Amino acid sequence: MKRIVVIGAGQAGASLVAKLRTLGFSGQITLIGEEPVLPYQRPPLSKAYLLGEMSQERLFLRPESFYAEHNIDLHLGTKVESIDRREQIVRLGDKVLPYDALALTTGATPRHLPAMIGGTLAGVHAVRSLADVDAMAPDFGAGRRVVIVGGGYIGLEAAAVAAKKGLQVTVLEMAPRILQRVAAPETSAAIQALHEGHGVRFMLATGVERIEGDSHVTGVRLSDGTRLDADFVIAGIGVTPATTLAEAAGLMVENGIQVDARGRTSDPHVWAAGDCAAFPYRGTSLRLESVQNAIDQAELVAENMLGAAKDYDPVPWFWSDQYDMKLQIAGLNTGYDRVILRQGDAPSHWYFAGDKFLAVDAMGDPRAFMVGKRLLEMGRSPDPAALADPQTDLKALLRA
């Protein structure tokens with residue numbers, strides 16, 4: 001194998017090409033990204049970068065010199081027109097790139113509010129790319145009014161930044177509580193209380209009827225007829241996997257590009273990793289949107305491209321910074337039937353299905369997160385009563 005092409009220059013794509021060189025691959029590597037900037041970290045965009053605490057240069061995963069020094073051909077600001085799997089070529093306008101192996105690390109795209117309800121008005125923002133955040137940053141002036149549609153992590157992180165910068169913040173959520181899809185009611189309540197303590201207003205079980213304004217947003221009309229004045233709106237309503245190229249190429253797609261346990265798609269010469277990839281996980285198909293998954297899965301795909309034949313079986317973990325509190329999550333809580341509260345240095349919520357430990361939400365308690373993550377890696381379930389007892393040394397649970 002002499003030529004590897006990677007489409008998608010985010011965390012997964014950058015990790016994959018770097019790993020290929022670390023493993024000693026000496027052939028041609030091409031990394032293609034639609035954005036006109038070097039591969040960068042996304043998590044700080046809605047936190048430190050938006051707050052003005054991190055420069056653009058610090059966002060970059062590696063300096064430009066890294067790619068030149070490692071003979072990685074970088075195409076930025078470049079859109080891939082199509083993939084021809086029969087000929088094993090990638091078309092970039094008039095340019096054609098042949099490949100022996102192709103990796104799709106195309107990530108995900110934000111959901112937008114529909115144009116028919118005013119979603120395309122000036123002042124209505126999404127939060128995904130560096131360009132998205134640069135576009136909304138001038139709106140973050142003290143005293144301005146922002147309506148955030150969506151009570152998931154992205155919307156809440158934007159709300160925290162806005163509140164810290166002195167804006168009037170209202171969060172709209174269609175569900176009866178924030179974080180309903182990913183967290184227990186206990187975690188939702190704790191996070192909402194944190195925000196309310198910083199002046200954020202929540203309107204739950206509330207939909208948007210229309211974003212109002214002629215050319216620029218002036219307000220939001222709610223499903224119950226209420227009108228909120230707004231200087232700008234942020235849509236934090238989730239993402240969808242970027243599968244357009246894969247679908248057009250005839251690859252198997254269902255809630256992401258379908259891959260096997262080693263990261264190979266329905267075409268043996270094409271691989272996928274990161275937010276765009278759906279992989280087999282303990283009897284189901286799973287797609288993860290996290291830095292951990294982007295790095296670990298991409299590096300495993302790099303190994304498997306070179307013949308390692310390893311399966312991907314992660315212990316997922318995530319984090320979210322809101323104000324001075326770091327929420328850290330280990331595991332997946334799918335199927336839980338009870339939650340154990342541990343009131344240690346800070347609260348943590350431990351999810352169980354029967355006696356089986358599934359996941360932990362640690363709110364400002366890194367020790368709880370690390371112990372929970374290690375227990376999951378060991379396949380062990382702690383005694384719920386011991387967990388609930390604040391006198392129990394968490395580290396002792398690893399030896400029990």
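The shown structure was predicted, so the numbers you read here are calculated from the model rather than taken from an experiment.
For the residue pair Ser188/Glu186, the side-chain donor-acceptor check at 3.5 Å is not satisfied. No side-chain N or O of Asp214 forms a donor-acceptor pair with one of His216 less than 3.5 Å apart. Judged purely by distance below 3.5 Å, without hydrogens or angles, the side chains of Asn293 and Tyr312 pair a donor atom with an acceptor atom. Remark: the Arg227 side chain and the Thr218 side chain contain an N/O donor-acceptor pair separated by less than 3.5 Å. One side chain, Tyr49 or Asp134, offers a donor N or O that lies under 3.5 Å from an acceptor on the other. Asp267 and Thr265 share no side-chain donor-acceptor pair at under 3.5 Å.
Around atom CD of Glu254, no more than 12 heavy atoms belonging to other residues, nucleotides or ligands sit under 6.0 Å away. Other residues, nucleotides and ligands contribute more than 12 heavy atoms inside 6.0 Å of the CD atom of Glu196. Atom CZ of Arg3 is surrounded by more than 12 heavy atoms from other residues, nucleotides or ligands within 6.0 Å.
A salt bridge is absent between Asp275 and Arg287; no separation between the charged side-chain nitrogens and carboxylate oxygens falls under 4.0 Å. Between Glu377 and Lys373 a salt bridge is recorded (basic side-chain N to carboxylate O distance below 4.0 Å). A salt bridge links Arg145 and Asp229; the closest N-O separation between the charged side-chain nitrogens and carboxylate oxygens is under 4.0 Å. A salt bridge between Glu157 and Lys47 is present, with a side-chain N of the basic residue lying under 4.0 Å from a carboxylate O of the acidic one. No salt bridge links Lys2 with Asp100; every basic N to acidic carboxylate O contact stays at or beyond 4.0 Å. A salt bridge is defined here as a Lys NZ or Arg NE, NH1 or NH2 lying under 4.0 Å from an Asp or Glu carboxylate O, and Asp365 with Arg342 fails to meet this definition. Look at Lys165 and Asp139 and you find no salt bridge, because none of the NZ, NE, NH1 or NH2 atoms lies under 4.0 Å from a carboxylate O.
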Exercise. Could you check Gln56 against Tyr40 for side chain to side chain donor-acceptor pair (under 3.5 Å), going step by step and ending with a plain yes or no?
Key: CA-CA 9 Å; Gln56 184 179 115; Tyr40 60 85; over 6 Å; no
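Residue Trp350 holds its CH2 atom at 10.5 Å from CG of Asp361, rounded to the nearest 0.5 Å. In this structure, Leu23 CG and Met305 CE are separated by 11.5 Å, a value rounded to the nearest 0.5 Å. Atoms CG and CD, on Leu222 and Glu209 in that order, are 8.5 Å from each other to the nearest 0.5 Å. With rounding to the nearest 0.5 angstrom, the CG atom of Asp94 is 9.0 Å from the CD atom of Glu81. For the atom pair Leu97 CG and Ile7 CD1, the distance stands at 9.0 Å (nearest 0.5 Å). Summarising the geometry, atom CG belonging to Leu102 is positioned 10.5 Å from atom OG1 belonging to Thr30; distances are rounded to the nearest 0.5 Å.
Val259 and Val5 fall into different hydrophobic clusters, where Ile, Leu, Val, Met, Phe, Trp and Tyr side chains are chained together by heavy-atom contacts under 4.5 Å. In the hydrophobic clustering of this structure, Met370 does not group with Val315; members are Ile, Leu, Val, Met, Phe, Trp, Tyr whose side-chain heavy atoms approach within less than 4.5 Å, directly or through other members.
In this structure, Phe318 and Pro43 have side chains that are not in contact, with every pair of non-hydrogen atoms separated by 4.5 Å or more. Between Ile191 and Met325 there is a side-chain heavy-atom pair separated by less than 4.5 Å.
Between Asp73 and His75, the shortest heavy-atom distance links the atoms OD2-NE2, 3.2 Å. The two residues Ala158 and Phe140 make their nearest non-hydrogen contact at O-CE2, 4.2 Å.
Screening residues 108-117 for salt bridge (charged side-chain N to carboxylate O under 4.0 Å, His left out), with sequence neighbours left out, gives no hits.
Remark: Arg338 is positioned above the aromatic ring of Phe352, its terminal NZ or CZ atom under 6.0 angstrom from the ring centre and at most 45 degrees off the axis.
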